[in-house]
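Structure first, then comments.
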Amino acid sequence: MAGLYVHIPFCKKRCRYCDFFSTTRLERQEVYVAALVKEIAARKDEAGEPIRTIYFGGGTPSTLAPQDITRILDAVGIDEAEEITMELNPGDASPAYMQALRDIGINRLSIGIQSFQDDLLTLIGRRHNAQQAINAVRMAQEAGFTNLSIDLMYALPTQTMAAWQADIETALSLGVQHISSYGLIYEQGTALTQAVESGELEAIDEETENAMYDELCSRLKQAGFVHYEVSNFALPGYEAKHNSRYWDHTPYIGVGAGAHTYIPPVRSWNKDDLEAYIQGDGIRESETLTETDLYNERIMLGLRTNRGIVGPISVHSRKQMDEYIHKGLLRRTDDDRIVATQEGIHILNRIIEDLMI
Ligand code: SF4
């Protein structure tokens, strides 16, 4: 079974921390959707397996009208989808829009809340406020959505531990099934990075960032969430099916400007150039993963998830692994998988790098 990722690179306003590929030229949406429909028709069978999950990501997919989403879904033409997720900005929510999304077959929403603190939302340049975020979840629930994910960010400049704890509690009080949470990354050239570089804002220190992450993990665990990937938490049975493909290494087709595809062992991607894409300039680049690449991906993806590393390990990796186990940063489970400890997750990238060949 394969997945389909649909990239919608439109945003009404750019956030101050973002370096994703997106544009505010919403007037290009109609022709973009027409190009998407063409690409889907040409490529939907490429994986050689039926598509069972669809993910609308962005950008901001909720800038699209329900009719546009319907055109895309009709082009895919599947009658049996396990999961159809759409990312939604709380600023786009209304009871009628939520109902329309349900009616056309979207069965999971990923709501980009980021924070329930108005001062922090303004600081990072989001276009919604805390009340709109809460309302968006309630509207989705009233429209009948029973599989909701929200995004939360931590380690934001000026964010206190008390404000972060309050955000976690608000998230839990909303009754959502899934939470994705990311520490702020200062991408080169973004407005927020420049503000920190110029001294206008101060970045949160590493110790506080780690403490915020630990607080998140322990509170969500206490509330019954499974920590199944470094940044993802789900009530049992609500793990993201589509996103799990990225971590399981199962095939997915990506359509739209800048979208990535993985059909083992080949990874390919569309150019992130909106106008070229609309003109049908479908030149895709690709790379074939070598045995070494696949091994290293197994190490990386294994340690990022609660499944851990399974299967044969090289002499080099084993030596490194034993040292990290000795330091309490990795541990061996009863069924012989290697997983990162809570302390190990703080320096996970370094551990992964050391274990790779
Ligand atoms: S809405 Fe998302 S993609 Fe658009 S600018 Fe903000 S963070 Fe980036």
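Order of listing sets the numbers, starting from 1, for every ligand and every atom in it. Just the heavy atoms: all of them, side chains too, but no hydrogens, waters or symmetry mates, feed the values below.
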Name the atoms and distances for all side-chain donor-acceptor pairs under 3.5 Å in residues 146-153, with sequence neighbours left out.
residue: Ser149; atom: OG; partner: His178; partner atom: ND1; Å: 2.8

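Inside a sphere of radius 2.8 Å centred on atom 6 (Fe) of ligand 1, the protein N/O/S atoms present are Cys15 SG.
In the hydrophobic clustering, Leu121 connects to no other residue, as no ILVMFWY side-chain heavy atoms lie under 4.5 Å from its own.
With sequence neighbours left out, the salt bridge (Lys or Arg N to Asp or Glu O under 4.0 Å) criterion links Arg267 to Glu287, Glu297.
Ring-centre distance between Tyr32 and Tyr277: below the 6.0 Å cut-off.
Rounding to the nearest 0.5 Å gives a distance of 9.0 Å between OG of Ser231 and CD1 of Ile345.
In this structure, Arg25 fails the cation-pi test against Phe10, since its NZ or CZ atom is not both closer than 6.0 Å to the six-membered ring centre and inside 45 degrees of the ring normal.
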